[in-house]
Structures are given as C-alpha cells and as structure tokens.
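Down below is the structure, laid out as structure tokens.
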Amino acid sequence: MSNKTMSTQSQIPLVDLRAQQQEVQQQVNESLAQVFENTAFIGGAAVADFEQSYAGFLGTGHCVGVGNGTDALELALRASGIGPGDEVILPANTFIATAEAVSLTGATVVLVDVDTEYLLIDPLAVAEAVTEKTKAIMPVHLYGQTAFVEELSSIARACGAVIIEDAAQAQGATRHGRSAGTLGDIAGTSFYPGKNLGAAGDAGAVLTGDARLAQQVRLLSAHGSRTKYVHEVVGRNSRMDAVQAVVLSAKLERLAGWNELRRQAASRYSELLAGVAGVTLPQQAAGNQDVWHLYVVQVKERDRVVAELNAAGIGAGIHYPYPVHLTQAFAHLGYKEGDFPVTERAAGRIMSLPLYPHITEEQQRRVADALISVL
C-alpha cells in the first residue's frame, strides 16, 4: 500500500460534505439547469418552493429565505420591533452571531449562563436577568438539541417579551413533538454548508407562524420595498439565491433520513465511549429528539487532546473555545471572567468528535480508539 493511500485512509474529517453532495448531485444539476434556463437567480419559483417545503417540514406557517443565518436573526429581531433601548437575553455559550444580530439592531445584549448538563440557556438565570427593558429572549438550540422553550415562554409572557429562537443547529430537532424553530414567536436559522441542512454557500431563513411578522421580514429583507422603487422603511438586501434554494430542496428531501443516521452515529459513540475515564458524554434531555449537529464531549487538557487527535488524522474541533462575554468584540458589555462559570468551564473542556450522516462504524471505532489512547 502506498504512503499516499495510507495517508488518505488515516484522515477522518470533523465534517464530510462530499458524500451528501454526491447523493444529491444529479438532482441538483437538473434543477440548476432549469434555473439558468429561466435566469431566475434571486427569488422565483425555486426559492418559493423551498420556503413552502421547509415550512411544511417544520410544521409552521411561514418560511422566508434570506442571505444567511446572522441576517435571519437580525431580521427576526427587527420584525419583532426590537431596537435601541431594548434588552435581549441570550446564553453566553453560543456562536457570536447570536449576539451580533442583537447588537446590529441597536438593542443591548444581556448574557446569562447555561445549565450544567446540556449547556443550554438556563431558565432560572433568564428569570433573574429580566428587567423592565427586556423585550426578547433568545434561546439557542445548540449542538442539535432543543432548548427548554416552554419554561422560557412563561417568563416571556410575564414580562411582555417575545421568544426569538436561534435554530441554526437544530433543523429537524423536536421538543415534545414540536420542531425547533416553531416553539417561540419567530426564529432564525442558518443553512451554512456544515449545518444538518446545508447550502452550497451562505443562506438562511426566518420561520414564524405569524403572517404579519413574515410580511415584515420580507419587507425588511428587500430594501423595505414590496413594490419596486417604493420603499416604506429602511431595510437591507438579504434574499436567498435560487441556486441555494435548489441545493437545499434536494437535501431537504433527505434530511429526516440523514438526521436518523446522525442519531445512530451518536448512539454508537455513546456505546464506544461508555465508562471511559476522563470523558463526559453528551445526554439527550427528556422530551427532546436531538439531531446531533455536533457530538460534544468534555475532557480535561482539551487543547492537548484535540492537538494529538488532529495529529493522528482525527478531525476533532471546538465549539466554542471563547465565551461571548470574553471576546474583545463584546468587552463593552462589562462582563468579566467568572461571571458565567458553567459556560467558562465548558469552554475549556468541550470537544466535538467527527459526526456526519455518512460516517462509518469503522471510522467511529477509530475515533473512539484514538481518543481513549490519547487520554
């Protein structure tokens, strides 16, 4: 066997998009040919068809395709009337885009800690953070889990706030049978290529059961215009490309099956790593059906472990190494180290193992064996 072959076989990526792309390639090519024939590159039938299909998949009334996930969150906030002088509560353990979207509206980011078991926004911490300026609560459905929105909803009702879900990592996840992205007033999601439902570039969507909110998102995302050259408000340009809608439609047909493969892979990891000293395995909360966007374990000496796994050809990653409140971008909020101890402790211990629909049992055994050896 050549060294080149051995090297190729030794690599197990964190995310492998090639297999799923090959699975949809013929369908995508045929649909793209139609798009290019019709020259309907922005909006049009391809986007409308995807929006309708994805809304139906989730069981919500409206899906509005936009340019990316960060835009989706910002537009959901703006459509909900969130702006300067308002406070929005969100978890410190999230990708920075959640906080960015709030800042872009002019509202104030209010961070809270997460629970110790699932690393999701802690409803008790949210209740303590509410003030008379609280206008929105943003749960993040992290790692393919669904946050405990029913507990947050009672808090929101009491203070008159809206629930705006960040559903970027949970396409197809459910809580008590209801889909992530349909549990609050409005939601934003991302179709970044590595998501469970990923485009061939940037794309996102806003989801809601409220027709008025959906109309407002469409207005804001198209330069504040319903009719060409008639601009009602200051909006922005954030519309889904037809090319991305074609890719997403093909993958959406397979999403339920791919999510089931992710669940099987997560269960396999949990079996392979059961009882291994020094590894804290992820758990699924009662009432949840997770879609395992990421399989996140916790270990001591995380940076060393990741480095050694990477050197062995195992694509382990970190989501996320720096809590929002400790980034330079949000230093102005005035938080300090120690303010969110659960988030901070997790940031030094969390590690994502390779997981994607087409990962094989043999690959997972190699990952598990390598992790055990490194530890």
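Below, all heavy atoms of this structure are taken into account, side chains as well, without hydrogens, waters or symmetry copies.
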Assess whether side chain to side chain contact (heavy atoms under 4.5 Å, CB included) is satisfied between Tyr356 and Gln363, documenting all intermediate values.
CA-CA 11 Å; Tyr356 36 90; Gln363 286 175 316; 3.7 Å; yes

Output, in order, the C-alpha distance, side-chain angles, deciding distance and verdict of side chain to side chain contact (heavy atoms under 4.5 Å, CB included) for Glu74 and Arg236.
CA-CA 11 Å; Glu74 181 191 348; Arg236 62 180 306 158; 2.4 Å; yes

Could you check Thr189 against Lys195 for side chain to side chain contact (heavy atoms under 4.5 Å, CB included), going step by step and ending with a plain yes or no?
CA-CA 10 Å; Thr189 194; Lys195 304 300 186 186; over 6 Å; no

For a side chain to side chain contact (heavy atoms under 4.5 Å, CB included) check, start with the C-alpha distance between Asp113 and Asp122, then their side-chain angles and the critical distance, and finish with the verdict.
CA-CA 6 Å; Asp113 214 346; Asp122 184 350; 5.5 Å; no

Could you check Glu87 against Thr131 for side-chain hydrogen bond (donor to acceptor under 3.5 Å, both in side chains), going step by step and ending with a plain yes or no?
CA-CA 8 Å; Glu87 293 181 352; Thr131 73; 2.7 Å; yes

Is there a salt bridge (Lys or Arg N to Asp or Glu O under 4.0 Å) between Arg263 and Glu260? Walk through the geometry before answering.
CA-CA 5 Å; Arg263 293 187 187 101; Glu260 181 56 34; 3.3 Å; yes

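Contact of the Val324 side chain with the Leu90 side chain is not registered, since no non-hydrogen atoms from C-beta on lie closer than 4.5 Å. Between Asp210 and Asp185, every side-chain heavy-atom pair lies at or beyond the 4.5 Å cut-off. Under the 4.5 Å side-chain criterion, counting only non-hydrogen atoms from C-beta, Ile350 is not in contact with His319. Annotation: side chain of Phe41 is in contact with side chain of Phe36 (closest heavy-atom distance under 4.5 Å). Side-chain contact between Ile163 and Leu183 is absent, with no heavy-atom pair separated by less than 4.5 Å. Looking at heavy atoms from C-beta onward, Val299 lies in side-chain contact with Arg302 at the 4.5 angstrom threshold. When side chains are defined from C-beta on, Thr134 does not count as touching Val110, because their heavy atoms never get closer than 4.5 Å. The shortest side-chain heavy-atom distance between Leu375 and Ile372 does not fall under the 4.5 Å cut-off.
When all heavy atoms are compared, the tightest approach of Pro139 to Leu152 is CB-CD1, 3.5 Å. Pairing each heavy atom of Gly181 with each of Leu207, the nearest pair is O-CB, 3.8 Å. Ala316 and Val306 make their closest contact through O-CG1, 4.0 Å (heavy atoms, listed as atom of the first residue, atom of the second, distance). Between Val15 and Leu17, the shortest heavy-atom distance links the atoms CG1-CD2, 3.7 Å. The two residues Val64 and Ala214 come nearest to each other via the heavy atoms CG2-O, 3.9 Å. Of all the heavy atoms in Arg175 and Ala147, the pair that sits closest is CD-O, 3.5 Å.
Under a 4.0 Å N-O distance rule, the pair Arg268/Glu271 does not qualify as a salt bridge. Between Asp339 and Lys336 a salt bridge is recorded (basic side-chain N to carboxylate O distance below 4.0 Å).
The aromatic ring centres of Tyr54 and Phe191 sit less than 6.0 Å apart. Taking the six-membered ring for Trp, His231 and Tyr229 have ring centres at least 6.0 Å apart.
In summary, of the residues considered (Gln298, Lys300, Glu117), a side-chain contact (heavy atoms from CB on, under 4.5 Å) with Thr280 occurs for Gln298 alone. Residue Ile121 forms a side-chain contact (heavy atoms from CB on, under 4.5 Å) with just one option from Val112, Leu111, Val140, and that option is Val112. Checking Thr94, Asp115, Val114 one by one against Leu120, the side-chain contact (heavy atoms from CB on, under 4.5 Å) holds for a single residue, Asp115.
Put simply, Phe95 and Val88 are part of the same group of oily side chains (I, L, V, M, F, W, Y) that touch within less than 4.5 Å, one to the next. Put simply, Leu32 and Val247 are part of the same group of oily side chains (I, L, V, M, F, W, Y) that touch within less than 4.5 Å, one to the next. In the hydrophobic cluster analysis, where Ile, Leu, Val, Met, Phe, Trp and Tyr join through side-chain heavy atoms closer than 4.5 angstrom, Leu272 is grouped apart from Met351. Put simply, Leu104 and Phe330 are part of two different groups of oily side chains (I, L, V, M, F, W, Y) that touch within less than 4.5 Å, one to the next. Under a hydrophobic-cluster definition in which Ile, Leu, Val, Met, Phe, Trp and Tyr are linked whenever side-chain heavy atoms come within less than 4.5 Å, directly or via other members, Leu294 and Val291 are assigned to different clusters.
Counting only N and O atoms by type, the side chains of Gln21 and Gln25 include a donor and acceptor under 3.5 Å apart.
Taken from CH2 in Trp292 to CD in Gln284, the straight-line distance is 6.5 Å, to the nearest 0.5 Å. For the atom pair Asp71 CG and Arg239 CZ, the distance stands at 12.0 Å (nearest 0.5 Å). Distance check: Phe340 CZ to His325 NE2 gives 6.0 Å after rounding to the nearest 0.5 Å. Atom CD in Glu150 sits 9.5 Å away from atom CZ in Arg178 (nearest 0.5 Å). Taken to the nearest 0.5 Å, the OG1 atom of Thr98 stands 6.0 Å off from the CE atom of Met138. To the nearest 0.5 angstrom, Gln145 atom CD is 9.5 Å from Gln169 atom CD.
Other residues, nucleotides and ligands contribute at most 12 non-hydrogen atoms within 6.0 Å of the OH atom of Tyr322. By the neighbour-count criterion of 12 heavy atoms within 6.0 Å, atom CZ of Arg304 is densely surrounded, having more than that number from other residues, nucleotides or ligands. By the 6.0 Å contact criterion, OH on Tyr118 is enclosed, its count of non-hydrogen atoms from other residues, nucleotides or ligands being greater than 12.
Between the Thr60 side chain and the Thr208 main chain, a donor and an acceptor come within less than 3.5 Å of each other. With Asp241 contributing its side chain and Val243 its backbone, the two residues share no donor-acceptor pair below 3.5 Å. Panel note: side chain Asn310, backbone Ile314; a donor-acceptor pair is recorded below 3.5 Å. Checking side-chain atoms of Ser221 against main-chain N and O of Arg218 turns up a donor-acceptor pair under 3.5 Å.
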